[in-house]
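What follows is a single structure, written as C-alpha cells, with notes after it.
Model, not experiment: these values are computed from the prediction.
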Amino acid sequence: MNLQSPKVTLDKSAEDAFNFLSDVKNFESLMPENISKFEVLDTDKFLFALKGMPEIILKKKETSPHSKIVLGAAGGKLDFSLTGNITEIGANKCDVELTFEGEFNAMMAMMIKGPISKFIETLATNMKTAV
C-alpha cells in the first residue's frame with residue numbers, strides 16, 4: 001500500500017524543514033487532536049497512539065540532509081515506513097510531501113487505508129503552523 005499526503009508549501013528553507021522533522025520530539029506538534037499518547041523513547045524513536053488504535057513506535061531509519069527523512073515501524077506486527085520528501089523551491093520556501101508505504105493483506109489494507117490517509121494528511125497540514 002502506498003499513500004501520499006497533499007504537498008504542503010512552507011515558508012521555511014529545506015534545511016529548516018529537515019531539521020524540524022529530524023528531531024522526533026517535534027512530531028508531537030504535528031499529531032492530530034485525537035492523539036491519546038506521545039512519548040519520546042530515544043533521540044531517534046518515539047511512540048504514539050491515537051484514540052481507538054494500538055500504540056505505534058516509529059524510528060528514524062534513513063536521512064538525506066535537507067531532502068528526505070524516513071521513519072519506519074520499530075517492532076510491532078505492522079511493517080511500514082513514513083517518508084518526508086522535502087523539495088527546495090526558493091531561498092525560504094520548500095514543499096513537503098509525506099508518503100506512507102507498507103505491506104498489508106487485503107483485509108488489513110481496507111481497514112487502515114482511510115485512517116492512515118487522514119493521519120498523514122493531518123501531519124502535513126499541521127506542518128504549515130508547526131515548522
Side-chain angles (χ1 to χ4, degrees):
M1 182 164 58
N2 189 326
L3 303 170
Q4 291 181 304
S5 74
K7 199 176 279 188
V8 292
T9 301
L10 305 177
D11 291 325
K12 297 283 184 186
S13 68
E15 182 179 357
D16 287 345
F18 177 84
N19 290 340
F20 180 87
L21 293 174
S22 291
D23 188 346
V24 296
K25 71 177 177 281
N26 289 333
F27 276 83
E28 186 170 14
S29 64
L30 302 177
M31 290 289 161
E33 289 178 9
N34 66 336
I35 187 165
S36 60
K37 185 173 190 177
F38 187 93
E39 191 178 321
V40 174
L41 303 174
D42 206 339
T43 56
D44 63 350
K45 191 185 332 181
F46 66 95
L47 172 150
F48 72 96
L50 303 175
K51 288 188 179 98
M53 300 282 283
E55 291 182 353
I56 295 172
I57 298 174
L58 283 176
K59 180 177 175 54
K60 204 180 330 172
K61 301 272 187 178
E62 177 190 333
T63 58
S64 298
H66 314 284
S67 64
K68 182 168 132 181
I69 294 175
V70 180
L71 300 173
K77 295 179 177 83
L78 304 177
D79 186 27
F80 65 89
S81 66
L82 180 65
T83 303
N85 292 300
I86 304 164
T87 308
E88 190 160 352
I89 54 174
N92 276 318
K93 260 197 183 337
C94 67
D95 283 338
V96 180
E97 184 177 47
L98 300 176
T99 305
F100 174 91
E101 291 180 50
E103 294 288 323
F104 306 105
N105 65 41
M107 185 68 165
M108 178 67 86
M110 197 170 70
M111 286 172 35
I112 66 172
K113 185 176 183 178
I116 296 292
S117 295
K118 181 125 182 69
F119 175 69
I120 63 172
E121 184 179 323
T122 300
L123 291 180
T125 302
N126 287 347
M127 272 186 226
K128 292 178 187 176
T129 53
V131 178

Under 3.5 Å, sequence neighbours excluded: what are the donor-acceptor pairs made by side chains of residues 42-54?
unit_1, atom_1, unit_2, atom_2, d
D44, OD2, K59, NZ, 2.9

| field | Pairs touching residues 60-73 that satisfy salt bridge (charged side-chain N to carboxylate O under 4.0 Å, His left out), sequence neighbours left out | value | E62-K68

| Got L98 and M127 here, is their nearest side-chain heavy-atom distance under 4.5 Å? | yes

| field | Where at least one partner belongs to residues 89-103, residue pairs that pass salt bridge (charged side-chain N to carboxylate O under 4.0 Å, His left out), sequence neighbours excluded | value | D11-K93

| query | Once you round to the nearest 0.5 Å, how far does CG of L30 lie from CD1 of I120? | reply | 13.0 Å

| If you take all heavy atoms of M1 and A109, which pair is closest and at what distance? | SD-O, 4.1 Å

| said: Enumerate the ring pair (Phe, Tyr, Trp, His ring centres under 6.0 Å) contacts for residues 69-99, please, sequence neighbours excluded, ordered by first and then second residue. | reply: F80-F100

| With a 4.5 Å limit on heavy-atom distance, are the side chains of L71 and F27 in contact? | yes

| message | I need the full list of ring pair (Phe, Tyr, Trp, His ring centres under 6.0 Å) pairs touching residues 53-79, with sequence neighbours left out, sorted by first then second residue. | response | F18-H66

| request: For residues L10 and D16, determine if any side-chain heavy atom of one lies less than 4.5 Å from a side-chain heavy atom of the other. | output: no

| Listed once per pair and sorted, the salt bridge (charged side-chain N to carboxylate O under 4.0 Å, His left out) pairs that draw on residues 17-30, sequence neighbours left out | D23-K25

| said: For V70 versus S81, what's the shortest heavy-atom pair and its separation? | reply: CG1-CB, 4.1 Å

| hydrophobic_cluster_shared for I57 and L21, side chain cutoff 4.5 Å | no

| said: So L41 and V24, do their side chains get closer than 4.5 Å, heavy atoms only? | reply: no

| message | Could you tell me if the side chain of V96 sits less than 4.5 Å from the side chain of V131, heavy atoms only? | response | no

| task | For S29, enumerate each residue passing the side-chain contact (heavy atoms from CB on, under 4.5 Å) test, keeping only those at least two apart in sequence or located in another chain. | result | F20, A130

| query | What are the two closest non-hydrogen atoms of A124 and S5, and how far apart are they? | reply | CB-OG, 3.7 Å

| request: Spell out, yes or no, whether F38 and L58 are grouped together once hydrophobic residues are joined by side-chain heavy atoms under 4.5 Å, including indirect joins. | output: yes

| query | Restricting to pairs with a member in residues 104-117, which pass salt bridge (charged side-chain N to carboxylate O under 4.0 Å, His left out), not counting sequence neighbours? | reply | none

| query | Which side-chain hydrogen bond (donor to acceptor under 3.5 Å, both in side chains) pairs, counting each pair once, include a residue from residues 30-40, with sequence neighbours left out? | reply | K37-E55

| Inter-residue atom distance T122.OG1 - M31.CE, 0.5 Å rounding | 10.5 Å

| note | Nearest heavy-atom approach of I86 to A17 is CD1-C, 4.1 Å

